[in-house]
Novice: 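Encoded as structure tokens, here's the structure I'll be asking about.
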Number of protein chains: 2
Amino acid sequence: MTVTLADVAARARVSPATVSRVLNGNYPVAATTRERVLRAVDELDYVLNGPASALAAATSDLVGILVNDIADPFFGIMAGAAQSAIGDTGTGRAGGEKLAVVCNTGGSPERELTYLTLLQRQRAAAVVVTGGALVDPAHIAALTAKLTKLGDAGTRVVLCGRPPMPGDAVAATLAFDNRGGARSLTEHLLSLGHRRIGYVAGPVERSTTRDRLDGHRDAMTAAGLDGPDADRLTVHGRYTRASGYDATRELLARDPSLTAVVAANDTVALGACAALREAGLRIPDDVSVAGFDDLPFSIDAVPSLTTVRLPLHEAGVRAGRLAMGADTPPPGGVATIPGELMVRASTAPPRG
Amino acid sequence: MTVTLADVAARARVSPATVSRVLNGNYPVAATTRERVLRAVDELDYVLNGPASALAAATSDLVGILVNDIADPFFGIMAGAAQSAIGDTGTGRAGGEKLAVVCNTGGSPERELTYLTLLQRQRAAAVVVTGGALVDPAHIAALTAKLTKLGDAGTRVVLCGRPPMPGDAVAATLAFDNRGGARSLTEHLLSLGHRRIGYVAGPVERSTTRDRLDGHRDAMTAAGLDGPDADRLTVHGRYTRASGYDATRELLARDPSLTAVVAANDTVALGACAALREAGLRIPDDVSVAGFDDLPFSIDAVPSLTTVRLPLHEAGVRAGRLAMGADTPPPGGVATIPGELMVRASTAPPRG
DNA sequence: ATCGTCGTAGCAAGCGCTTTCTATCGCTGA
DNA sequence: TCAGCGATAGAAAGCGCTTGCTACGACGAT
């Protein structure tokens with residue numbers, strides 16, 4: 001039926017062992033023999049049997065990339081960058097290609113674990129886990145256990161855009177400085193003269209939400225604005241446009257006099273803009289708006305969005321290279337990646 | 001080292017064969033035996049060796065989803081929908097889970113082929129190929145050959161949002177009616193009274209570009225507007241915001257008096273809006289703008305974008321189910337999915 | 001009481017590859 | 001001239017699982 005190594009060997013008049021060695025290029029083979037084998041491979045249109053090879057060699061060329069939401073460019077950009085970094089690291093040697101695949105957890109902890117098990121089952125060469133973690137201790141424990149098992153089985157584990165985990169299960173961690181970024185964003189608003197600043201946060205159970213909110217609070221506290229308003233002007237929602245819209249209406253109801261809204265991310269900020277506009281408020285004349293992440297569409301928003309730029313592409317590439325073992329891990333295994341404040345047209349001094 | 005089937009068998013005091021049958025649930029096993037095996041699996045924290053299983057059974061539980069650009073929600077939505085449809089089809093039986101993974105080709109034909117080879121190597125159970133095809137005959141031939149080989153090897157091939165291919169390599173095709181959608185969009189503009197309509201097309205080599213442009217031309221021709229202007233008012237670019245921006249400036253230079261711009265998709269439309277606004281033109285008062293796809297952000301654009309809605313999520317789900325063999329293919333193997341005209345605030349009658 | 005049958009479980013032969021160990025050949029140096 | 005060695009190729013033993021076939025009781029039917 002399908003062509004096997006033995007078929008190729010027969011056609012090239014060598015032993016299967018030799019064909020295997022030519023294909024893997026990890027053993028000296030005379031040039032003329034190699035030539036003959038390669039020709040046979042070509043003529044028979046032979047494709048290696050991955051499972052058989054993985055079984056015999058006890059390693060596979062699968063690399064998994066876990067994302068929370070594949071329809072969100074935040075993850076798409078990182079995943080795409082990681083995937084191409086992994087694809088490009090194939091040193092040109094035949095058969096050296098890795099199969100970098102992305103798995104969409106939809107933000108569900110169970111699916112996250114399920115995918116990790118599936119990847120473990122496939123004896124994946126590496127796993128890149130992206131995006132904010134759940135704060136839930138039970139899940140962290142389960143995840144740590146799973147990653148440890150993966151690590152023990154020889155799978156390289158890399159965290160990207162996610163806080164470090166306890167234990168030494170993880171080969172490398174690339175964490176975003178969400179807290180610092182959020183702080184500088186709020187500081188920007190404060191320096192413009194804003195005092196009544198609403199905050200549209202993400203889901204409480206996510207570390208990203210907590211870190212960004214902490215950064216915001218840091219800045220507010222430093223400005224002496226940590227009164228009871230802090231809680232009253234914070235609304236939690238999901239990382240969606242609709243959530244930003246709803247939350248902003250709520251904020252407006254709680255304090256119609258607020259002069260700025262900080263959103264958990266750019267997508268949420270878009271929803272906030274819609275709600276404000278609908279309320280007859282102009283941006284930034286009446287109310288300033290700020291986002292986070294600097295996704296591609298943010299610069300196109302009207303007005304263009306002030307936000308914190310996260311080097312998603314660069315982080316993805318680095319994560320991919322780390323997963324391949326092509327880069328050495330940062331000292332201590334953890335690198336914190338700073339965000340960069342991008343001041344654009346959606347923020348301005350408050351009126352009066 | 002790692003736990004094997006034999007270890008589980010020993011602990012449950014049965015033969016490896018029995019453990020395998022319990023895990024696969026495809027052979028009668030006495031309830032008490034099953035119970036004992038399951039407990040042993042649990043106690044030893046056993047994870048099946050995927051490659052070994054795939055080798056012995058000559059099938060794997062890998063399903064590949066190919067996309068052009070993972071950072072583009074157009075693909076993200078379809079891929080996410082397909083992936084969850086595939087995950088959910090696991091009929092509850094233990095071990096029945098498929099590993100649905102998405103592969104990012106970046107629009108490169110070579111990478112497309114490479115990924116297909118890699119999936120073939122893994123003996124993937126199914127492959128879903130999304131997005132517009134390349135018009136290039138050489139690539140179509142190569143692709144057809146590859147897909148045929150995959151099909152012959154038992155991989156179910158499903159096309160989603162992509163025109164049908166020659167031959168019987170493909171199990172099912174879900175094609176979008178790009179041409180019909182584009183036609184109704186332009187008809188809408190014509191019915192508003194527009195006559196000088198610019199068209200910002202995608203890359204010439206993509207079938208999606210060609211189909212949408214054909215639909216536009218259909219409508220223009222039917223309105224007796226197929227003069228030399230047809231070419232003059234068409235500019236090709238990529239499916240990006242920047243490309244839409246550049247192309248629209250070009251269009252404006254060619255004919256400052258145009259009253260409407262139709263873009264190849266929503267992302268491009270956003271760029272077009274930016275260019276128009278920069279030129280001091282108001283939307284839709286001075287110039288109407290229309291997109292295609294109805295991505296989530298389109299309703300949030302200012303003004304909200306008139307576009308053609310493609311049921312990306314539904315199509316993705318259906319493709320996923322087809323890939324699992326959970327749905328029966330449409331008659332003839334091809335289903336054409338219509339788009340729905342969404343008239344919003346970015347289009348209005350021309351001035352005067 | 002005997003035989004066929006049904007329901008379970010075990011045996012053992014691979015699946016297609018990798019890799020260790022061994023064999024062979026042509027040289028080089030003494 | 002011959003031992004010894006480097007370079008290259010082959011033989012064969014698995015890797016961990018699936019599955020066709022066989023084995024074995026227990027039971028109802030004759």
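From a predicted model like this one, the values you see are computed outputs, not experimental measurements. Residue numbers begin at 1 in each chain, while the letters A, B, ... track the order of the sequences.
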Novice: Axis-to-axis angle across the helix from dA1(C)-dT30(D) to dA30(C)-dT1(D), five pairs an end, to 10 degrees?
Specialist: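 Result, rounded to 10 degrees: 50°.
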Novice: Taking atom OG of S20(B) and atom CG of L48(B), what is their separation to the nearest 0.5 Å?
Specialist: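 Nearest 0.5 Å value for the OG-CG distance: 8.0 Å.
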Novice: Do T117(B) and T114(B) get their side chains close enough for a donor-acceptor pair, meaning under 3.5 Å?
Specialist: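 T117(B) vs T114(B): no donor-acceptor pair found between side chains.
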Novice: Reading DNA chain D from 5' to 3', where do the contacts with chain A start and stop? Cut-off is 4.0 Å to heavy atoms.
Specialist: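 Answer, 5' to 3': dT8(D) to dG16(D).
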Novice: Mind checking if A58(A) touches a base, just sugar-phosphate, or nothing, with heavy atoms under 4.0 Å?
Specialist: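 No contact.
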Novice: Assess whether atom CG of D168(B) is packed by more than 12 heavy atoms of other residues, nucleotides or ligands within 6.0 Å.
Specialist: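 No.
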Novice: If you assign each of R36(A) and L5(B) to its closest nucleotide in DNA chain D, which residue comes earlier from the 5' end?
Specialist: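 Nearest-nucleotide comparison on DNA chain D picks R36(A).
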Novice: Does OP1 or OP2 of dC11(C) have a side-chain N or O of S15(B) closer than 4.0 Å?
Specialist: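 Answer no for this pair, as no side-chain N or O of S15(B) is under 4.0 Å from OP1 or OP2.
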Novice: Whole-Å distance between dT19(C) C1' and R21(A) CZ?
Specialist: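 R21(A) atom CZ is separated from dT19(C) atom C1' by 7 Å.
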Novice: Can you check whether L23(A) reaches V19(A) side chain to side chain, under 4.5 Å on heavy atoms?
Specialist: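 L23(A) reaches V19(A) side chain to side chain.
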Novice: Out of curiosity, R206(A) CZ to D136(A) CG, how far, rounded to the nearest 0.5 Å?
Specialist: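 One finds 11.0 Å between CZ of R206(A) and CG of D136(A).
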Novice: DNA chain C: T32(B) or L55(B), which has the more 5' nearest nucleotide?
Specialist: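 On the 5' side of the pair lies T32(B).
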Novice: Can you tell me if T18(B) touches the phosphate of dG10(C), counting only side-chain N or O atoms and a distance under 4.0 Å to OP1 or OP2?
Specialist: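 Answer yes for this pair, as a side-chain N or O of T18(B) is under 4.0 Å from OP1 or OP2.
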Novice: In terms of the nearest nucleotide of DNA chain C, which residue is placed more toward the 5' end: A56(B) or A31(B)?
Specialist: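 Looking at the nearest nucleotide for each, A31(B) comes out on the 5' side.
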Novice: Between P28(A) and A6(B), name the one whose nearest nucleotide on DNA chain D is closer to the 5' end.
Specialist: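 Residue closer to the 5' terminus by nearest nucleotide: P28(A).
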Novice: Which atom pair, heavy atoms only, marks the closest approach of R162(B) to E112(B)?
Specialist: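 In this case the closest contact between R162(B) and E112(B) is NH2-OE1, 3.4 Å.
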Novice: To check you understand the geometry: which heavy-atom pair defines the closest contact between H313(A) and I77(A), and what is its length?
Specialist: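 That closest heavy-atom pairing would be N-CG2, 3.8 Å.
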Novice: Taking 4.0 Å as the cut-off, does a side-chain nitrogen or oxygen of S53(A) come that near to OP1 or OP2 on dT18(C)?
Specialist: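 For S53(A), the contact criterion (side-chain N or O under 4.0 Å from OP1 or OP2 of dT18(C)) is met.
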Novice: Expressed in angstrom and rounded to an integer, what is the separation of Y27(A) atom OH from dT19(C) atom C1'?
Specialist: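 Between C1' of dT19(C) and OH of Y27(A): 9 Å.
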Novice: Among dA9(C), dA12(C), dC17(C), which is the nearest nucleotide to the side chain of T4(A)?
Specialist: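 Shortest atom-to-atom distance from the side chain points to dC17(C).
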